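The first residue in the sequence is number 1, and the count goes up from there. From a predicted model like this one, the values you see are computed outputs, not experimental measurements.
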Amino acid sequence: MSVRGFRGELLLVAHDPRDRADAIRHEPDGLLIVEDGIVVARGPYADLAPLYPGVAIEPLPGLIVPGFIDAHIHYPQMDRIASHGAQLLDWLDRHIFPAEKAFADRAHADGVAAAFLTELLRNGTTSALVFATVHPQSVDALFDEAARRNMRIIAGKVLMDLGPEGLADTPQSGRAESEALIRRWHGHKRLGYAVTPRFALTSSDAQLADTGALLAAHPGVLLHTHLAENLGECAAVAERFPDAHDYLDVYDRFGLVGPRSIFAHGVHLSDRACTRIHESGAGIAVCPSSNLFLGSGFFDFGQADRHAVRLGLGTDVGAGTSFSLLSTAGLAYQAALARGDRLDPFRALYLATAGSADLLHIADRVGSLEPGQEADFVVLDTAATPLLARRTTGASLAERLFALQILGDDRAISRTYLLGDCVWDKHADR
Ligand code: GUN
Ligand code: ZN
């Protein structure tokens with residue numbers, strides 16, 4: 001049995017600060033006690049340290065926050081980030097589908113999966129909900145590597161029987177491959193499975209119906225897809241499904257809307273859809289950098305909040321322009337302001353940690369460093385760049401946090417810990 005202590009400035013936002021006055025926990029001189037990778041105590045150093053005599057305590061300079069949780073990202077797209085000149089449907093055809101075809105090759109998938117997980121950790125992201133490709137071996141590659149590193153990762157094989165040649169499954173193969181992957185991976189170590197139809201346009205009615213059946217047969221797994229992201233996409237969905245009330249209703253008709261459903265984007269939603277998302281218990285992964293990059297629009301926080309829609313934060317790399325959930329939080333602030341809403345920096349931190357954890361149904365394990373949770377955390381450096389150092393000197397906690405979100409990125413991640421072990425140290429020789 002190993003017991004260790006970590007001393008430093010702790011900041012946790014376990015609940016949405018809009019809902020609870022006690023959501024924000026700040027210990028200027030805090031202590032985290034970790035036993036076999038699990039947080040067993042947390043509080044002021046002066047109160048807690050005497051209760052753990054003889055325990056080795058490591059001082060951590062910086063702001064300690066829970067590991068970030070990316071609620072929507074595509075690992076096979078990491079090498080197509082920053083691909084120029086197109087909105088969603090065109091961008092998929094020109095840049096993304098050709099890149100995803102390469103994941104038929106397991107060795108290629110292995111190499112990208114390893115680089116991807118390293119990049120997550122460099123950015124302070126310790127958990128993520130991840131799109132693989134249509135190839136089941138792309139999921140094996142990611143899960144094998146995530147299991148080796150003991151990361152909490154949820155992913156799934158993409159279902160897309162209407163995809164382009166070389167990147168299409170069939171309702172039968174998609175179902176059988178998903179079932180096999182669920183059996184192999186769901187609940188293994190820290191891994192979970194998400195049934196992953198790409199979006200309404202790349203699956204036949206038969207495959208969408210089959211996806212609903214798959215979900216019903218496996219109540220523990222998530223549903224992960226895209227929803228109402230880009231106007232061109234929304235127009236094509238409305239044309240193909242003229243009888244549906246709206247885009248969400250397409251998924252609803254096939255049994256894909258429920259408490260374990262995570263929809264990426266939701267930029268263009270009707271009030272009816274928001275009401276239905278709320279009452280079903282589903283939620284949205286907000287992806288502001290991607291929405292800006294593909295010209296998709298600004299997420300409507302005001303509308304989502306009026307309907308009490310559950311939200312998390314996603315980068316959506318490769319349409320997203322950074323792996324950093326710090327800078328993604330900064331863009332969420334700017335997207336909110338573009339529609340007249342103000343995203344508080346503590347709420348942005350909540351969305352990137354406990355909010356995403358709640359959305360992904362892993363809030364009992366990670367997201368707020370509560371006793372009993374897994375000790376995944378990050379040490380942030382508020383002086384990571386000369387400008388950050390100037391802006392944060394003498395500043396309040398809220399100002400420092402906001403500056404990290406507007407000016408920070410991977411440079412502000414000093415260290416990343418998984419289950420109490422340091423797995424990324426910016427200052428270590430590599
Ligand atoms: N909609 C369907 N596929 C994709 C994808 O790969 N990225 C994004 N951003 N939207 C999608
Ligand atoms: Zn996406």
Asks: Taking atom types as modelled, find out whether Thr315 and Asp70 have a side-chain donor-acceptor pair closer than 3.5 angstrom.
Replies: yes
Asks: Over 60° means perpendicular and under 30° means parallel, so classify the ring planes of Phe299 and Phe301, tilted if in between.
Replies: perpendicular
Asks: Return the minimal non-hydrogen interatomic distance between Ser322 and Thr328, and the atom names on each side.
Replies: O-OG1, 4.3 Å
Asks: Run the salt bridge (charged side-chain N to carboxylate O under 4.0 Å, His left out) test on Arg106 and Asp144 for me, step by step, so that the C-alpha distance in whole Å, both residues' side-chain angles and the decisive distance to 0.1 Å come before the verdict.
Replies: CA-CA 12 Å; Arg106 172 69 197 254; Asp144 263 332; 2.8 Å; yes
Asks: To the nearest 0.5 Å, what is the distance between NE2 (His278) and NE2 (His307)?
Replies: 10.0 Å
Asks: Using a strict threshold of under 4.0 Å (side-chain N to carboxylate O), is an ion pair present between Asp381 and Arg415?
Replies: no
Asks: Using atom types as modelled, flag every donor-acceptor pair under 3.5 Å from a side chain in residues 41-48 to any protein atom, sequence neighbours excluded.
Replies:
unit_1, atom_1, unit_2, atom_2, d
Arg42, NH1, Ser368, O, 3.0
Arg42, NH1, Leu369, O, 3.1

Asks: Looking only at non-hydrogen atoms, find the nearest pair between Leu418 and Asn150 and report the distance.
Replies: CD1-O, 4.2 Å
Asks: Hey, does the side chain of Ser324 reach the backbone of Asn123 with a donor-acceptor pair shorter than 3.5 angstrom?
Replies: no
Asks: Once you round to the nearest 0.5 Å, how far does CZ of Arg276 lie from CG of Leu269?
Replies: 13.5 Å
Asks: Could you give me the CA-CA distance, side-chain angles and deciding distance for Tyr417 and Val378, then say whether side chain to side chain contact (heavy atoms under 4.5 Å, CB included) is met?
Replies: CA-CA 6 Å; Tyr417 285 77; Val378 188; over 6 Å; no
Asks: How long is the span from the CG atom in Leu349 to the CZ atom in Arg347, to the nearest 0.5 Å?
Replies: 12.5 Å
Asks: Quick one: sort the Phe6 and Phe377 rings into parallel, tilted or perpendicular, breaks at 30° and 60°.
Replies: perpendicular
Asks: Taking the side chain as C-beta and beyond, is there a heavy-atom pair between Leu89 and Asn230 under 4.5 Å?
Replies: no
Asks: Quick one: does Ile69's side chain get under 4.5 Å of Leu360's, heavy atoms only?
Replies: yes
Asks: Dump the intermediate steps for side chain to side chain contact (heavy atoms under 4.5 Å, CB included) on Leu351 and Val286, then the final yes or no.
Replies: CA-CA 9 Å; Leu351 293 177; Val286 181; 5.8 Å; no
Asks: May I ask you to decide if Thr133's main-chain N or O and Lys157's side chain share a donor-acceptor pair within less than 3.5 Å?
Replies: no
Asks: Do Ser127 and Arg190 have side-chain N/O donor and acceptor atoms under 3.5 Å apart?
Replies: no
Asks: Hey, is CZ on Arg18 packed in by over 12 heavy atoms from elsewhere, all under 6.0 Å?
Replies: yes
Asks: Parallel under 30°, tilted from 30 to 60°, perpendicular over 60°: which one fits the rings of His226 and Phe199?
Replies: perpendicular
Asks: Judged by atom type as modelled, is there a donor-acceptor pair below 3.5 Å linking the side chain of His135 to the main-chain atoms of Leu167?
Replies: no
Asks: Side-chain contact, heavy-atom cut-off 4.5 Å: Phe143 with Leu181?
Replies: no
Asks: Any non-hydrogen side-chain atom of Leu380 less than 4.5 Å from a side-chain atom of Val65?
Replies: yes
Asks: Between Arg4 and Glu35, does at least one N-O distance fall below 4.0 Å, as a salt bridge requires?
Replies: no
Asks: Would you call Glu9 and Arg400 a salt bridge, using N to O less than 4.0 angstrom?
Replies: yes
Asks: Please find the pair of heavy atoms, one from Cys274 and one from Val309, that lie closest to each other, and give the distance.
Replies: O-CG2, 3.8 Å
Asks: How close do Thr125 and Phe323 get, counting heavy atoms only, and between which atoms?
Replies: OG1-O, 4.0 Å
Asks: Pair Leu407, Arg391 - check side chain to side chain contact (heavy atoms under 4.5 Å, CB included), show working.
Replies: CA-CA 9 Å; Leu407 303 173; Arg391 183 63 185 88; 4.2 Å; yes
Asks: Should the pair Glu374-Arg152 be classified as a salt bridge under the 4.0 Å nitrogen-to-oxygen rule?
Replies: yes
Asks: How far apart are the C-alpha atoms of Arg25 and Leu11, what are their side-chain angles, what is the distance that settles it, and do they pass the side chain to side chain contact (heavy atoms under 4.5 Å, CB included) test?
Replies: CA-CA 6 Å; Arg25 295 288 165 86; Leu11 176 62; over 6 Å; no
Asks: Under a 4.5 Å cut-off applied to non-hydrogen side-chain atoms, are His74 and Val317 in contact?
Replies: no
Asks: So, for Tyr193 and His186, is the gap between ring centers shorter than 6.0 Å?
Replies: no
Asks: Rounded to the nearest 0.5 Å, what separation is found between the OG atom of Ser203 and the CG atom of Leu162?
Replies: 6.5 Å
Asks: Any donor-acceptor pair under 3.5 Å linking the side chain of Ser356 with the backbone of Thr353?
Replies: no
Asks: Looking at Arg184 and Asp140, is there a salt bridge between them, counting it only when a charged N and a carboxylate O are closer than 4.0 Å?
Replies: yes
Asks: Output the distance between atom CG (Asn291) and atom OG (Ser296), rounded to the nearest 0.5 Å.
Replies: 5.0 Å
Asks: Heavy-atom count check: over 12 atoms from other residues, nucleotides or ligands less than 6.0 Å from Arg80 CZ?
Replies: no
Asks: Please answer whether the main-chain N or O of Asp252 pairs with a side-chain N or O of Asp249 as donor and acceptor at a distance below 3.5 Å.
Replies: no
Asks: Which atom pair, heavy atoms only, marks the closest approach of Leu142 to Ala155?
Replies: CD2-CB, 3.7 Å
Asks: Rounded to the nearest 0.5 Å, how far does CD1 of Ile24 lie from NE2 of His15?
Replies: 11.5 Å
Asks: Tell me whether Asp358 contacts the main-chain N or O of Ala363 through its side chain, where contact means a donor paired with an acceptor under 3.5 Å.
Replies: no
Asks: Is Glu100 salt-bridged to Arg198, cutoff N-O under 4.0 Å?
Replies: yes
Asks: Quick check against the 3.5 Å criterion: does Gln405 have a side-chain atom that pairs as donor or acceptor with the backbone of Pro345?
Replies: yes
Asks: Any donor and acceptor pair, going by atom type alone, linking the side chain of Arg310 with main-chain N or O of Ile262 inside 3.5 Å?
Replies: no
Asks: Heavy-atom distance under 4.5 Å between the side chains of Asp376 and Leu419, does that happen here?
Replies: yes
Asks: Could you check whether any side-chain N or O of Gln137 sits under 3.5 Å from a backbone N or O of Ala104, counting only pairs where one atom can act as donor and the other as acceptor?
Replies: yes
Asks: Verify whether one side chain among Ser270 and Asp246 offers a donor that lies under 3.5 Å from an acceptor in the other.
Replies: yes
Asks: Name the orientation class of the two ring planes belonging to Phe402 and Tyr333 (parallel below 30°, tilted from 30 to 60°, perpendicular beyond 60°).
Replies: perpendicular
Asks: Identify whether the distance between the nearest side-chain nitrogen and carboxylate oxygen of Arg339 and Asp341 falls below 4.0 Å.
Replies: no
Asks: Under the criterion side chain to side chain donor-acceptor pair (under 3.5 Å), I'd like the reasoning laid out for Gln87 against Glu233: C-alpha separation, chi angles, the key distance, then a yes or no.
Replies: CA-CA 10 Å; Gln87 290 214 6; Glu233 167 209 17; over 6 Å; no
Asks: Is the distance between the ring centroids of Phe103 and His108 less than 6.0 Å?
Replies: yes
Asks: Walk me through whether His72 and His265 qualify under ring-ring contact (aromatic ring centres under 6.0 Å, His included).
Replies: CA-CA 9 Å; His72 178 69; His265 303 283; 5.6 Å; yes
Asks: Within the distance-only criterion (no hydrogens, no angle test), does the side chain of Thr275 pair as donor or acceptor with the backbone N or O of Asp271 below 3.5 angstrom?
Replies: yes
Asks: Within the structure provided, determine whether Leu231 and His268 are in side-chain contact (heavy-atom separation under 4.5 Å).
Replies: yes
Asks: Answer with yes or no whether the side chains of Asp316 and Ser290 bring together a donor and an acceptor at under 3.5 Å.
Replies: yes
